[in-house]
Asks: 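Quick one: structure below, then a few questions.
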Amino acid sequence: MSLIKKWQSRFAPSLSHMDDRLVLIIAGSIAGICSGLAAVALRLALESVTEWLHPFRHFWWAFLLPAMGALLSTIYLEKITREGAGHGVPEVIYAVSKHGGLLRLRSSYSRLISSFLTIGSGGSAGPEAPVVMSGSAIGSNIAKLLRLNDRQRTTLVGCGTAGAIAGIFNAPLAGLVFAIEVVLGKWEFSNIIPIAIAAVAGAEVSRAIIHEQVLFNHLPFNMGTADILPGICLALFAGLISVFFTKTLNTSGKFAKKNRFSFWMRAIIGGSVVGCIGLFFPVVLGEGYHFIQSMISGTFSMGIFLTFVAVFAKIFATAITLGWGGSGGIFAPCLLIGSLTGIFFHKIVFLLFENAACASEGAYALLGMTGLISGVMQAPLTGIFLVLEITGGYETILPLIVVSAISSTMSHYIEPASFYFKELIKRGQFLRPGTDARILSDLNISELVSTEFTNVSENMIFREFIEIIKTSDQFFFPVIDENTGAYKGMIEIRNIRRYVLNPGIYDMVFLNQIMDTDVLTASLENDLQEVLEMMETNNMESIPVVEHDTFIGMISKTRILDLYRRELIMQTSVR
């Protein structure tokens with residue numbers, strides 16, 4: 001027995017006697033600290049490699065750097081860890097909704113390495129989603145180590161997520177809100193406290209190592225009545241850009257999968273295209289934090305036309321990076337695209353109204369960031385708190401709320417599913433807590449099958465069957481081949497009344513003459529949603545379950561309703 005198993009067998013059982021909230025708070029704090037360390041490690045590593053590669057960016061062959069990074073990243077994911085490229089947040093949401101937050105241990109470091117290679121070489125992506133994947137996997141495996149149940153493990157996944165976001169942005173409130181609003185999708189009192197403590201732990205780790213109060217510094221902004229109408233117009237514009245960004249991301253991924261290039265060739269092509277764009281617009285390379293800093297500080301020097309082009313250059317560069325084999329997230333691209341959108345909109349306002357009394361470009365960069373985050377993720381609270389915490393621009397909170405609300409509403413109106421949920425919805429894997437689909441997914445089909453049935457032989461005469469009916473309360477009788485044991489058909493009592501009321505044919509009829517061989521059957525491989533659809537479509541109250549020609553039992557709507565009610569009570573009860 002390994003050391004870990006010895007530790008588990010000695011200490012894990014004692015946790016079941018401890019207060020549930022105390023266990024989650026202690027374990028959540030550990031998850032938050034570990035996630036914060038992972039986030040800070042990735043951030044410092046990216047800063048180092050970006051500084052090291054900076055002198056080489058001026059050479060003509062610099063466009064190959066993102067291609068090399070994407071190639072190494074995709075080889076690492078495909079051949080070593082055997083995980084697909086991308087950003088990982090949908091995988092975390094799916095694990096929470098379908099598998100009680102169960103994530104593999106290697107996910108706690110695999111995305112960090114792949115995103116380091118992609119972003120550090122110049123790929124257009126952000127480090128936030130990889131650290132979310134890492135933090136979530138850390139939380140999940142701490143729960144596994146402590147032998148916690150599904151509900152507790154899900155909470156620790158939220159703790160890991162909050163600690164990672166808090167660590168990478170030094171933003172504990174944004175970490176808390178993102179974990180609950182996007183990943184868990186359900187505000188529960190029992191979750192909020194451990195996740196909040198994990199977020200604080202992640203942020204404190206970040207502050208202890210990096211020593212910074214906010215990610216982006218700036219002078220105070222002065223927004224007033226004159227900014228109300230432009231702010232509303234900017235929110236509508238940001239909503240449209242959000243939808244375009246989401247659609248471009250999805251289209252790029254689909255296009256890459258349809259072509260015949262191998263995964264490594266796709267990475268080289270995609271990385272080279274991003275590198276070429278970066279030769280003319282360096283703003284698209286990497287996470288672009290220093291460009292965001294210059295925009296909200298009011299020192300961004302790009303003209304109105306180039307700013308407009310840069311918005312779409314960043315959108316296409318991010319879509320190609322993530323769609324063609326790179327690894328990373330969309331937080332940082334959203335912040336950069338939002339800043340560019342805000343700056344462009346501010347320039348347009350002053351072009352049309354030279355004497356407009358609007359706030360500075362930096363303030364509109366903040367509004368643009370909030371609009372993009374809220375629009376793309378359709379998570380308005382995350383957008384508000386994230387921008388407030390990373391900039392410290394609390395004097396802009398009222399315009400930020402307005403922009404966030406309008407942008408997320410408009411984006412949802414045009415594109416009902418956010419970027420994170422769209423792929424899961426398309427695969428039928430988006431299951432939110434408390435919904436019918438989620439509750440049904442938690443029911444195991446094998447526990448719904450009633451197996452205590454009396455079988456009858458297909459060669460049995462009807463008189464013998466009558467004697468069985470007299471002593472049985474079954475409404476369905478599976479007909480079995482007496483030689484092979486194979487399932488042949490079904491006899492439903494309500495369908496044989498005319499034979500029962502005619503004693504003259506009792507010795508003339510065999511069961512194989514009256515059994516129904518066209519009854520639809522389910523198998524143990526079907527999920528409960530499929531079984532219910534089969535029953536609804538064919539107006540069936542019960543359905544036989546047959547596996548490899550062997551009758552297993554029956555599933556009834558009454559049984560499903562009974563277990564559904566029990567599961568609903570368990571999931572919604574106050575703990």
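No hydrogens, no waters, no symmetry mates; every other heavy atom, side chains included, goes into these values.
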Asks: Taking the side chain as everything from C-beta on, heavy atoms only, tell me whether Asp227 gets closer than 4.5 Å to Tyr364.
Replies: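 A side-chain contact under 4.5 Å exists here.
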Asks: Under 3.5 Å, is there a donor-acceptor pair between the Ser242 and Ser411 side chains?
Replies: no
Asks: Quick one: does Leu71's side chain get under 4.5 Å of Met68's, heavy atoms only?
Replies: no
Asks: Start with the C-alpha distance between Val273 and Cys276, add both sets of side-chain angles, then the distance that settles side-chain contact (heavy atoms from CB on, under 4.5 Å), and finish with yes or no.
Replies: CA-CA 5 Å; Val273 171; Cys276 289; 5.7 Å; no
Asks: Compute the centroid of each ring, for Phe331 and then for Phe178, and state whether the two points are separated by less than 6.0 Å.
Replies: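 Centroid distance Phe331-Phe178: below 6.0 Å, so yes.
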Asks: Given side chains that start at C-beta, do those of Cys358 and Phe345 come closer than 4.5 Å, heavy atoms only?
Replies: no
Asks: Tell me, do Met369 and Ile292 make a side-chain contact under 4.5 Å, heavy atoms counted?
Replies: yes
Asks: So do the side chains of Ile304 and Phe308 get within less than 4.5 Å of each other, counting heavy atoms only?
Replies: no
Asks: For Glu415 and Thr246, which I'm curious about, is there any donor-acceptor pair between the side chains at under 3.5 Å?
Replies: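 On atom types as modelled, these side chains do not qualify, holding no pair under 3.5 Å.
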Asks: Answer yes or no: are there more than 12 heavy-atom neighbours, outside Tyr394 itself, under 6.0 Å from its atom OH?
Replies: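 Yes, enclosed.
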Asks: Using the six-membered ring wherever Trp is involved, compare the ring planes of Phe316 and Phe244 and label them parallel, tilted or perpendicular (cut-offs 30° and 60°).
Replies: perpendicular
Asks: In terms of side-chain heavy atoms, does Ser408 have a donor or acceptor partner in Ser374 at a distance below 3.5 Å?
Replies: no
Asks: If we only count heavy atoms from C-beta on, is the Ile277 to Lys314 side-chain gap below 4.5 Å?
Replies: no
Asks: Which residues satisfy the salt bridge (charged side-chain N to carboxylate O under 4.0 Å, His left out) test with Glu47, sequence neighbours excluded?
Replies: Arg43
Asks: Does any donor atom in the side chain of Asn191 or Thr155 lie under 3.5 Å from an acceptor atom in the other side chain?
Replies: yes
Asks: Please check if the number of heavy atoms outside His58 that lie under 6.0 Å from its NE2 is greater than 12.
Replies: yes
Asks: With side chains defined as the heavy atoms from C-beta onward, is the minimum distance between Ile195 and Leu184 less than 4.5 Å?
Replies: yes
Asks: Could you tell me if the side chain of Asn170 sits less than 4.5 Å from the side chain of Glu389, heavy atoms only?
Replies: no
Asks: Would you say the side-chain atoms of Thr118 and Ser73 include a donor-acceptor pair closer than 3.5 Å?
Replies: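 Indeed, the side chains of Thr118 and Ser73 share at least one donor-acceptor pair under 3.5 Å.
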Asks: Is there a donor-acceptor contact under 3.5 Å linking the side chains of Thr307 and Lys347?
Replies: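 Not at all, the side chains of Thr307 and Lys347 share no donor-acceptor pair under 3.5 Å.
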